[in-house]
Amino acid sequence: MRIFYSFLALAVFILSVAGPYKAFINYQPLIDDPFVYIDKGDSMEKVLTKVAPISLINKTLFKLFIFIESIETFQVGEYKINNKNLNDLFISFNKGDTFTHKFTVTEGSNIYELQENINMSSFDNDCSFLNCINTNYPFKEGILLAETYFYKKNALASSILQKSHNSLDNRLSRIWLKKPTENPLKNKFEALVLASIIEKEAGNNKEKSLIASVFLKRMNLGMRLQADPTIIYGLLPNFNGDIKKSDILNRKNLYNTYMIKGLPPTPISNTSISSIEAAILSTPGDFLFFVADSPRSHYFSKTYEEHLMMIKKLGLDK
């Protein structure tokens with residue numbers, strides 16, 4: 001009889017706890033921040049306070065949960081709540097299923113835009129304007145591979161940025177080995193500078209080789225490149241969106257390819273592999289001029305007269 005009453009008491013206890021326990025593990029945290037961060041040294045009970053109301057019953061049910069699930073530790077890191085209940089969250093904390101952030105080096109972005117994006121990221125920013133990069137390149141602009149990278153909260157920015165630069169250098173070096181002899185570029189640094197101009201000029205990937213052929217022919221003939229994006233870059237970070245006649249005639253702007261001969265001193269943006277391939281694998285072509293005939297394309301001309309006719313036809317001479 002004593003055993004019967006013991007089992008009965010146990011059954012009553014289990015039934016009395018089952019409801020609150022089920023409600024506890026199915027509770028979904030309602031907090032403003034969609035993320036929760038477990039710091040080094042946080043006790044499991046402190047973690048509980050970050051995701052659930054604090055009460056004696058919740059602490060008791062939490063201890064019961066970790067006992068049933070044989071959970072001994074929670075791992076440091078950032079976790080996305082994402083409408084998860086406490087059961088799923090505690091399992092994630094135990095396994096270390098931390099949230100993965102994405103950082104994209106955008107094609108055509110410059111070092112000022114890059115710095116702003118780093119500042120807005122979840123990186124531990126130890127790399128101001130790419131000064132952390134270990135490189136043999138004679139410049140810091142445009143030395144990252146335009147791709148998306150993945151990292152955890154508070155990862156050092158330098159680790160991702162160095163990886164990006166190394167990837168760019170490896171890809172660029174392999175493409176450089178395929179350069180035609182007719183291509184006048186002297187080294188891969190010049191190739192990266194030209195690729196950045198192509199990146200900013202091209203309306204689509206298909207015309208990148210044509211644009212490259214125009215600039216390469218101009219280089220062969222000793223003509224100025226006359227690329228508007230280079231003027232704009234030389235006016236950064238204070239460019240107001242309008243190229244004035246005085247900007248075109250400004251000889252002090254080292255990036256003004258209407259005034260300087262050859263390539264500017266550095267790239268003007270981060271570039272895609274397709275632009276790098278266009279710069280290195282193309283050769284001087286038949287065209288000497290091009291003008292935008294739509295937001296996504298250009299019209300190419302062999303003579304200046306033809307170029308002027310197209311400008312007039314497009315109404316750009318007014």
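Since this is a predicted model, take the numbers as computed values, not measurements. FYI, side chains are in, hydrogens and waters are out, and symmetry mates aren't considered; it's all heavy atoms of this structure.
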Side chains of Lys312 and Leu308: does their closest heavy-atom pair fall under 4.5 Å? no
Charged N to carboxylate O under 4.0 angstrom, Asp39 versus Lys50? yes
Assess whether side chain to side chain contact (heavy atoms under 4.5 Å, CB included) is satisfied between Phe289 and Glu306, documenting all intermediate values. CA-CA 9 Å; Phe289 305 94; Glu306 182 186 3; over 6 Å; no
Let's go through Leu192 and Phe189 carefully: what are the C-alpha distance in whole Å and the side-chain angles of both, what is the deciding distance for side chain to side chain contact (heavy atoms under 4.5 Å, CB included) to 0.1 Å, and is it a yes or a no? CA-CA 5 Å; Leu192 195 57; Phe189 307 134; 5.9 Å; no
Could you tell me how the ring of Phe62 sits relative to the ring of Phe24: parallel (under 30°), tilted (30 to 60°) or perpendicular (over 60°)? perpendicular
Verdict with supporting geometry, Tyr149 and Leu161, side chain to side chain contact (heavy atoms under 4.5 Å, CB included): CA-CA 9 Å; Tyr149 303 88; Leu161 299 176; over 6 Å; no
Taking atom CG as the centre, does Asp32 end up with more than 12 heavy-atom neighbours from other residues, nucleotides or ligands that are less than 6.0 angstrom away? no
Closest approach of Ala52 to Tyr27 (non-hydrogen atoms, all atoms of both residues): CA-CE2, 4.1 Å
Mind running ring pair (Phe, Tyr, Trp, His ring centres under 6.0 Å) on Phe290 and Tyr299 for me, showing each step along the way? CA-CA 5 Å; Phe290 59 89; Tyr299 180 86; over 10 Å; no
Heavy-atom closest contact (Lys217 atom, Asp286 atom, distance): NZ-O, 3.5 Å
Does one hydrophobic cluster hold both Leu225 and Tyr233, with members joined at side-chain heavy-atom distances below 4.5 Å? yes
Listed once per pair and sorted, the side chain to side chain donor-acceptor pair (under 3.5 Å) pairs that draw on residues 254-268, sequence neighbours left out: Asp228-Tyr258, Thr230-Thr257, Tyr255-Thr266
Judged by atom type as modelled, is there a donor-acceptor pair below 3.5 Å linking the side chain of Asp126 to the main-chain atoms of Leu156? no
Are any side-chain N or O atoms of Thr49 and backbone N or O atoms of Lys46, one a donor and one an acceptor, separated by less than 3.5 Å? yes
With distance as the sole criterion, is a donor-acceptor pair present between the side chains of Ser274 and Lys208 under 3.5 Å? yes
Using side-chain heavy atoms (C-beta onward) and a distance below 4.5 Å, is Thr283 in contact with Leu216? no
May I ask you to check whether Asn253 and Asp247 show a side-chain donor-acceptor distance below 3.5 Å? no
By the ring pair (Phe, Tyr, Trp, His ring centres under 6.0 Å) test, which pairs, at least two apart or in different chains, include something from residues 70-89? Phe74-Phe90, Phe74-Phe93, Tyr79-Phe93
Would you mind reporting whether Phe139 and Pro265 have side-chain heavy atoms less than 4.5 Å apart? no
Can a salt bridge be assigned to the pair Asp293 and Lys313 using a cut-off of 4.0 Å between side-chain N and carboxylate O? no
Less than 6.0 angstrom separating the ring centers of His165 and Tyr137, yes or no? yes
Any carboxylate oxygen within less than 4.0 angstrom of a Lys/Arg side-chain nitrogen, looking at Glu78 and Lys152? no
Same cluster (ILVMFWY, side-chain, under 4.5 Å), Ile248 and Ile197: yes
In the structure I gave you, are the side-chain heavy atoms of Ser92 and Lys95 within less than 4.5 Å of one another anywhere? no
Checking the side chain of Glu107 only, and the main-chain atoms of Thr271 only, is there a donor and an acceptor separated by less than 3.5 Å? no
Distance col, row Lys179:NZ vs Glu277:CD, nearest 0.5 angstrom, shows 15.5 Å
Is Ile260 reachable from Ile231 through a run of I, L, V, M, F, W or Y residues, each pair having side-chain heavy atoms under 4.5 Å apart? no
Just checking Glu69: does its CD atom have more than 12 heavy atoms from other residues, nucleotides or ligands closer to it than 6.0 angstrom? yes
Thr148 vs Thr104, side chain to side chain donor-acceptor pair (under 3.5 Å): CA-CA, chis, key distance, verdict: CA-CA 4 Å; Thr148 296; Thr104 300; 2.9 Å; yes
Between Lys153 and Asp124, is there a side-chain heavy-atom distance shorter than 4.5 Å? no
Main chain of Asn85, side chain of Gln28: is a donor-acceptor contact present, judged purely on distance under 3.5 Å? no
Show the nearest heavy-atom pair for residues Asn94 and Thr73, with the distance to one decimal. ND2-O, 2.9 Å
Report the C-alpha separation of Asn204 and Glu207 in whole Å, then their side-chain angles, then the decisive distance to 0.1 Å, and conclude whether the side chain to side chain contact (heavy atoms under 4.5 Å, CB included) test is met. CA-CA 6 Å; Asn204 59 73; Glu207 69 177 18; 3.7 Å; yes
Can you establish whether the number of heavy atoms outside Met309 located under 6.0 Å from its atom CE is more than 12? no
Counting C-beta onward and ignoring hydrogens, is there a side-chain heavy-atom pair between Lys178 and Ile280 closer than 4.5 Å? no
When the ring planes of Phe129 and Tyr112 are compared, do they come out parallel, tilted or perpendicular, using 30° and 60° as the limits? perpendicular
Under 3.5 Å: donor-acceptor pair, side chain of Ser294, backbone of Ser297: yes
Please name the pair of heavy atoms, one in Leu144 and one in Asn270, separated by the smallest distance, quoted to 0.1 Å. N-OD1, 3.4 Å
Side-chain donor or acceptor of Ser196 paired with backbone N/O of Ile268 under 3.5 Å: yes
Using the six-membered ring wherever Trp is involved, compare the ring planes of Phe123 and Tyr151 and label them parallel, tilted or perpendicular (cut-offs 30° and 60°). parallel
Check: Gln115 main-chain N/O paired with Asn119 side-chain donor or acceptor under 3.5 Å: yes
Here the pair of heavy atoms bringing Glu72 nearest to Met44 is O-SD, 3.2 Å
All heavy atoms of Lys59 vs all of Leu48, minimum pair found to be CA-CD2, 4.2 Å
One should read off an interatomic distance between Asn154 CG and Asn125 CG, to the nearest 0.5 angstrom, of 11.5 Å
Linking I/L/V/M/F/W/Y whenever their side-chain heavy atoms sit closer than 4.5 Å, directly or via other members, would Tyr304 and Leu288 fall into one cluster? yes
Pairwise side-chain contact, Pro264 with Val193, heavy-atom cut-off 4.5 Å (strictly under): yes
Using only heavy-atom distances, determine whether the side chains of Ser275 and Glu199 contain a donor-acceptor pair under 3.5 Å. yes
State plainly whether one hydrophobic cluster holds both Ile91 and Leu89, where clusters connect Ile, Leu, Val, Met, Phe, Trp and Tyr through side-chain heavy atoms under 4.5 angstrom apart. yes
When the ring planes of His101 and Phe99 are compared, do they come out parallel, tilted or perpendicular, using 30° and 60° as the limits? perpendicular
Got a donor-acceptor contact below 3.5 angstrom from the Arg224 side chain to the Met259 backbone? yes
So, Asn166 and Gln162: side-chain donor and acceptor under 3.5 Å apart, yes or no? yes
Contact list for residues 163-176, test salt bridge (Lys or Arg N to Asp or Glu O under 4.0 Å), sequence neighbours left out: Asp169-Lys188
Report the distance from atom CG of Leu114 to atom NZ of Lys140, rounding to the nearest 0.5 Å. 12.5 Å
Judged by modelled atom types alone, do Ser167 and Ser164 share a side-chain donor-acceptor pair under 3.5 Å? no
Pairwise side-chain contact, Val291 with Leu316, heavy-atom cut-off 4.5 Å (strictly under): yes
Quick check against the 3.5 Å criterion: does Glu113 have a side-chain atom that pairs as donor or acceptor with the backbone of Asn110? yes
